[in-house]
Amino acid sequence: MNKQARTQWWEGLPAGIRNQIDGYVLQDSLMAAIRVVTEIGLAPDGIGAATAQLIVGDRYAHHGDRIAREPDTPLDHESLVRRVGGILGSVVAIEAVWDGDTVHDWFVRLLAITAEPAEEYALAFIHRSLAERHLGEGAKLDGRHPVAVAAERAGGDLAAHLCVPFHFSSPDTPDDDAPRWQP
């Protein structure tokens, strides 16, 4: 469904349903908003999950800075060290993994990997806005995605502090299928 068709579909909804979806969007409740769109789109329109994501993404773009976003995860060295300190088990690696969706675009999950128990712990979700704030005005990116640069700096520093490897399979190109860290 193209943008114009999505707009027409949206405008054809009753005001109450539009208000409900926008309410979820303004609370940054992405999945709840998508659920409403897919539930009401089942008949007669046949809106699937992919189209629902696009429709909700349009609403996110419409509301912009009015959305009460969840607070960013901290990316400063001291906070990451403290977060790692609360992990059960011995951290054997720090890993940066690409992820993305239609609303947030590409982002990186910064993870602590443990051996016993074999687990991964989310330390930070690095979206573009967090990366740009963390790196500061005029940061040297050399044409790279700011999310990747921020993940490398924060993850690399943390790994060095912990004396463990830092793994980022695809630092130059977003790739959510890149190989994961192996011991």
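- Both V91 and L75 belong to a single network of hydrophobic side chains, linked directly or stepwise wherever heavy atoms of I, L, V, M, F, W or Y lie under 4.5 Å apart.
- V25 and M31 fall within the same hydrophobic cluster, defined by Ile, Leu, Val, Met, Phe, Trp and Tyr side-chain heavy atoms under 4.5 Å apart, directly or through other members.
- Side-chain contact between L88 and T114 is absent, with no heavy atoms from C-beta onward closer than 4.5 Å.
- Here W98 and H145 bring their ring centres to under 6.0 angstrom of each other.
- In this structure, the side chains of L123 and I94 come closer than 4.5 Å at one or more pairs of heavy atoms.
- Pairs engaging residues 48-62 under the salt bridge (charged side-chain N to carboxylate O under 4.0 Å, His left out) rule: K3-D58, R6-D58, D22-R59 [sequence neighbours left out].
- Closest heavy-atom contact between P74 and A124: O-CB, 4.0 Å.
- The shortest heavy-atom contact between P146 and R128 is CG-NH1, 3.3 Å.
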Throw together a table of side-chain donor-acceptor distances under 3.5 angstrom for residues 13-21, partners on residues two or more places apart or in other chains.
residue: R18; atom: NH1; partner: L13; partner atom: O; Å: 2.5
residue: N19; atom: ND2; partner: A15; partner atom: O; Å: 3.3

N/O donor to acceptor pairs below 3.5 angstrom from side-chain atoms of residues 157-172, sequence neighbours left out:
residue: H167; atom: ND1; partner: E95; partner atom: OE2; Å: 3.1
residue: H167; atom: NE2; partner: S169; partner atom: OG; Å: 3.2
residue: S169; atom: OG; partner: P179; partner atom: O; Å: 2.4
residue: S170; atom: OG; partner: T173; partner atom: O; Å: 2.3
residue: D172; atom: OD1; partner: R144; partner atom: NE; Å: 2.9

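- Both I67 and Y24 belong to a common hydrophobic cluster when Ile, Leu, Val, Met, Phe, Trp and Tyr are linked at side-chain heavy-atom distances under 4.5 angstrom.
- In this structure, the side chains of L111 and W181 stay at 4.5 Å or more apart for every pair of heavy atoms.
- The CD1 atom of I55 sits 14.5 Å away from the OH atom of Y60 when rounded to the nearest 0.5 Å.
- Remark: E120 pairs with R180 by the side chain to side chain donor-acceptor pair (under 3.5 Å) rule, at least two apart or across chains.
- Counting heavy atoms from C-beta outward, V147 and W106 have side chains that stay 4.5 Å or more apart.
- The other residues sharing a hydrophobic cluster with F107 are F125, where clustering joins ILVMFWY side chains under 4.5 Å apart.
- The line from CD1 of I126 to CD of E152 is 10.5 Å long, rounded to the nearest 0.5 Å.
- When all heavy atoms of A52 and I47 are compared, the pair lying nearest together is N-CG2, 3.8 Å.
- Between the side chain of T38 and the backbone N or O of I34 there is at least one donor-acceptor pair closer than 3.5 Å.
- Using a distance-only test at 3.5 Å, with no hydrogens or angles considered, no donor-acceptor pair links the side chain of H127 to the main chain of S129.
- Counting Ile, Leu, Val, Met, Phe, Trp and Tyr side chains that sit under 4.5 Å apart, directly or through other members, V149 shares a hydrophobic cluster with L135, L141.
- Here the closest non-hydrogen pair linking L110 and G155 is CD1-CA, 3.9 Å.
- The hydrophobic cluster containing W10 also contains V56, counting ILVMFWY residues as joined when their side-chain heavy atoms lie under 4.5 angstrom apart, directly or transitively.
- Taken together through direct or relayed side-chain contacts under 4.5 Å among Ile, Leu, Val, Met, Phe, Trp and Tyr, Y121 and I113 form parts of separate hydrophobic clusters.
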